[in-house]
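Below: the structure, in structure tokens.
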Amino acid sequence: MGSKNLKAIAVQGTHKVEVADTEGFAALARESSKILGDAMYHLRDSGTSLYVDVGIMFNDMPIKYFQETEFEADGLSAATMKGFLTGRTACYSCPIGCGRVVSLPEFGMDRVAGPEFQTIAAFGTGLMIPDLRKVSLMSYTCNQYGMDTISCGSTISFATHLCDLGKLDWGLEWNDPERVVELIHEIGNRTGVGDELGEGSMRLAQKHNVPELALHVKGMEIPNHDPRAFAGMAAVYAVASRGATHLEGDMYSVDMGVDVREVGIYSGDRLENEGKGETAARAQDFRAFFDSSIMCHFALVPPQTLIDLLNRATGASYSIEDILRIGARAVTMKRLFNLKCGLTGADDNLPKPLLHPLPDYATDDFAPDIELQLNDYYDYRGWDRATGVPSAKALKELGLEGLTSP
Ligand code: SF4
């Protein structure tokens, strides 16, 4: 879409959506909604910024382009946001309502979307800026340009890191919020150094002959969960279809204790490589189904409830095995698409700086063993260890034998 300058596709229909069991569906939806709303009160109360304290505690929240382990983050917390919170928002019909509305008259911001955890990490701890009001301005400015805050914050962090190393002479410094806001405008307008930054970390690194230093997978910047704090994120980032994303498998959450035993997703030792590839694959399959059913990842209703809702809506009789298979088919079809576009197993990787432990023995000197995790992942899926290509047998088992690998 980007190469064709296509921003969005809007679809509109005229037919009514038929529900097989209207009353049964509505009753279960009401009941689930109530349980979900009660269970997730903390997310409604604090928004995703509640994870700032947790992320810092687990060394999961990247600091200074994933280089440091200590940062005073009180100024970025959910409690700090309450000082300028002026409302809350929810997606359609959601009983949780994690969205924040903030007002900062000093920046001309009146009841605008507040920053989410990922944005707070990208511009706050990532760039060593302990000021949530200024981070909110950065978030708002990115939103005005329609720019992703993770990629934008990470690319500016990378450029600052390169200035530190003497590889760039742009004079960028950590904790320089005014310059960061200027840079966001420069990126949005493709002026000054913003023209180069607007190409993202991978191309910036290629241009300055430091490809090994950029933290990205398949050209997309690493989001703000550190695979040295939650090992399974290594496999997730390496194999995710659109590059490093935390949205194709939430292993940070699984290994914090949010397992889904009904579908074989068990929490394990967060600093252990063994078995993480298979668990990451299961988490991916489950989340791929979740996405297809248009459920928010925060709305973690029990799988059987989700299936009951689906069956009452469609009149079908899906089982737990079926939903995992549906997820696996989606993941596999995306893999085949990528292979046809020229990606190979060699693109399933993690940048080298993340394959070394965090400093200060912060996570017991743990480092992801990406080869071990990938072999485990490929074996579970029946993909070739050397090439990452799905075997004919694996495709047949998913009913995808009509789709060929290259
Ligand atoms: S659907 Fe998800 S993102 Fe939207 S308000 Fe509810 S919990 Fe938040």
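Just follow the structure's listing: the first ligand is 1, and inside any ligand the first atom is 1. All heavy atoms count here, side chains included; hydrogens, waters and symmetry mates do not.
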(message) So that I can tick it off, tell me whether D285 and R381 are bridged by a salt bridge, with the cut-off set at under 4.0 angstrom between side-chain N and carboxylate O.
(response) yes
(request) Count, excluding waters, the protein N, O or S atoms that are closer to atom 2 (Fe) of ligand 1 than 2.8 Å. (result) 1
(request) Please determine if D369 and K276 form a salt bridge, counting it only when a charged side-chain N lies under 4.0 Å from a carboxylate O. (result) no
(message) Tell me which one of F117, F58, Y237 satisfies ring-ring contact (aromatic ring centres under 6.0 Å, His included) with H225.
(response) F117
(request) Inspect the contact between E199 and R190 and indicate whether a charged nitrogen and a carboxylate oxygen are less than 4.0 angstrom apart. (result) yes
(message) I want to check a possible cation-pi pair here: R287 against F290, using under 6.0 Å from ring centre and within 45° of the ring axis as the test.
(response) yes
(request) Please state whether the rings of Y65 and H161 are parallel, tilted or perpendicular, taking 30° and 60° as the class boundaries. (result) tilted
